[in-house]
Undergrad: 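My structure is below; once you've seen it, I'll send some questions.
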Amino acid sequence: MGWGRDETEEERADRRWNELLQEVRVAQTGGQVLLAFLLGAAFAPRFEELTTPQVYLYILTVALGAASTGALIGPVTLHRFVTGRRLKPETVDLASILTVIGLFLLLCTITCAMLLITLLVLGTTTAYWIVLALFVWFVLCWFALPIYALWRQKRDRRRGRVGRAPLTRPTDPGS
């Protein structure tokens, strides 16, 4: 059994585009809901209680949220401008880059929003530790795991293994 699928370059680009759209829809929704919340927060009564550094953190958070939204919507405009010009593989590659950038910016937005909220609620250095733990968790889930999968595939190919080795625990030799 060989690697990959029996598909043309165009079929592969179409499949990758459809998969990318499904992924972007999830990230866009989360990012847009967060940005809407952040934009509305400035009109909340407690907003006046923010210190100057917290106001700057709020502005940074809103800017990151807007940048994330822009990057995550970017694939749509990219596709709209180049559709019908036989650039689907290139479009998918560029849209993938925009998506990863958008996810990184969304991570920064979530981190800053969590920091602002935990500082308001706790007002102590505990807030920094909580946010750091959440940041590390997101990095592990969103970036480290995919990088590990790519590294593992590259390692297996160097060792001459074909096919896909499942991510399972080793079996107990005593059983």
Side-chain angles (χ1 to χ4, degrees), residues 3-5 7 9-42 53-83 85 87-121 127-157 164-167:
W3 281 83
R5 301 165 187 241
E7 58 190 6
E9 183 178 351
E10 290 84 11
E11 289 170 335
R12 182 172 189 264
D14 287 340
R15 177 182 53 78
R16 289 181 63 219
W17 178 254
N18 287 329
E19 290 172 357
L20 179 67
L21 283 182
Q22 293 303 321
E23 296 161 2
V24 168
R25 283 184 183 122
V26 171
Q28 275 180 348
T29 302
Q32 289 172 341
V33 167
L34 179 56
L35 182 61
F37 165 76
L38 290 168
L39 291 172
Q54 289 170 337
V55 169
Y56 289 142
L57 179 57
Y58 170 77
I59 295 299
L60 173 64
T61 306
V62 170
L64 287 167
S68 172
T69 299
L72 291 171
I73 293 174
V76 175
T77 57
L78 173 66
H79 181 262
R80 188 53 24 222
F81 275 95
V82 301
T83 192
R85 300 183 190 249
L87 293 172
K88 182 68 77 74
E90 295 87 348
T91 302
V92 173
D93 290 340
L94 292 170
S96 293
I97 292 168
L98 279 172
T99 302
V100 171
I101 291 169
L103 289 171
F104 175 76
L105 291 169
L106 183 58
L107 168 65
C108 295
T109 306
I110 292 169
T111 301
C112 287
M114 286 299 302
L115 182 59
L116 184 60
I117 291 166
T118 54
L119 284 173
L120 280 171
V121 173
Y128 293 103
W129 290 108
I130 291 170
V131 173
L132 177 62
L134 289 170
F135 176 81
V136 169
W137 175 249
F138 274 90
V139 168
L140 288 172
C141 292
W142 290 6
F143 299 103
L145 188 60
I147 289 169
Y148 169 73
L150 292 171
W151 170 83
R152 190 168 184 260
Q153 178 192 37
K154 189 175 183 179
R155 180 200 65 192
D156 289 349
R157 283 191 177 174
R164 182 174 49 101
L167 293 172

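FYI, the numbering just counts along the sequence from 1.
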Undergrad: Just jot down the salt bridge (Lys or Arg N to Asp or Glu O under 4.0 Å) partners of Glu19, sequence neighbours excluded, or say none.
TA: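 Counting only residues at least two positions away or on another chain, Glu19 forms a salt bridge (Lys or Arg N to Asp or Glu O under 4.0 Å) with Arg15.
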Undergrad: Test: salt bridge (Lys or Arg N to Asp or Glu O under 4.0 Å). Region: residues 90-100. Which pairs qualify, not counting sequence neighbours?
TA: Arg16-Asp93
Undergrad: So, does Thr61 use its side chain to make a donor-acceptor pair with the main chain of Thr109 at under 3.5 Å?
TA: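 A pair under 3.5 Å: no.
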Undergrad: Kindly compute the distance separating CG (Leu103) from CH2 (Trp142), expressed to the nearest 0.5 Å.
TA: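 Here the interatomic distance stands at 6.0 Å.
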Undergrad: Among Val82, Leu20, Thr83, exactly one meets side chain to side chain contact (heavy atoms under 4.5 Å, CB included) together with Thr91. Which residue is that?
TA: Val82
Undergrad: Less than 4.5 Å apart, any side-chain heavy atom of Lys88 and any of Val92?
TA: yes
Undergrad: What's the spacing between Thr99 OG1 and Leu94 CG if we round to 0.5 Å?
TA: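 Rounded to the nearest 0.5 Å, the OG1-CG separation comes out at 10.5 Å.
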Undergrad: Just so I know, are the side chains of Val131 and Tyr128 near enough to count as touching, which here means a heavy-atom distance under 4.5 Å?
TA: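 When only atoms from C-beta onward are counted, Tyr128 and Val131 do not touch, as no gap falls below 4.5 Å.
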Undergrad: If you look at every heavy atom in Ala95 and Leu78, which pair is closest and at what distance?
TA: N-CD2, 3.7 Å
Undergrad: Evaluate the side-chain proximity of Leu150 to Lys154: yes if any heavy-atom separation is below 4.5 Å, no if none is.
TA: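 Lys154 vs Leu150: side chains apart.
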Undergrad: Show every salt bridge (Lys or Arg N to Asp or Glu O under 4.0 Å) that has at least one partner inside residues 134-147, sequence neighbours left out.
TA: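 Output for this query is empty, none listed.
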Undergrad: Let me confirm one number: the CE-CD1 distance from Met114 to Ile130, rounded to the nearest 0.5 Å.
TA: 7.5 Å
Undergrad: Per the ring pair (Phe, Tyr, Trp, His ring centres under 6.0 Å) rule, what does the pair list look like for residues 95-114, sequence neighbours excluded?
TA: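 Those involving residues 95-114 do not exist here.
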Undergrad: Looking at residues at least two apart in the chain, or sitting in another chain, which of them share a ring-ring contact (aromatic ring centres under 6.0 Å, His included) with Trp129?
TA: none
Undergrad: If you look only at distance, which donor and acceptor atoms sit under 3.5 Å apart when one is on a side chain in residues 23-42 and the other is two or more places apart or in another chain?
TA:
{"residue": "Gln28", "atom": "NE2", "partner": "Leu72", "partner atom": "O", "Å": "2.8"}
{"residue": "Thr29", "atom": "OG1", "partner": "Arg25", "partner atom": "O", "Å": "2.8"}

Undergrad: Roughly how far, to the nearest 0.5 Å, is the CG atom of Leu64 from the SG atom of Cys108?
TA: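 Cys108 SG to Leu64 CG: 5.5 Å, rounded to 0.5 Å.
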Undergrad: Taking all heavy atoms of Ser68 and all of Gly102, pick out the closest pair and write down the distance.
TA: OG-O, 3.1 Å
Undergrad: When rounded to the nearest 0.5 angstrom, what is the spacing between CG in Leu115 and CZ in Phe135?
TA: 12.0 Å
Undergrad: Answer whether the closest heavy-atom distance between the side chains of Phe143 and Leu107 falls below 4.5 Å.
TA: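 Result yes, sub-4.5 Å side-chain heavy-atom pair found.
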Undergrad: How about CZ on Arg85, more than 12 heavy atoms from neighbouring residues, nucleotides or ligands closer than 6.0 Å, or not?
TA: no
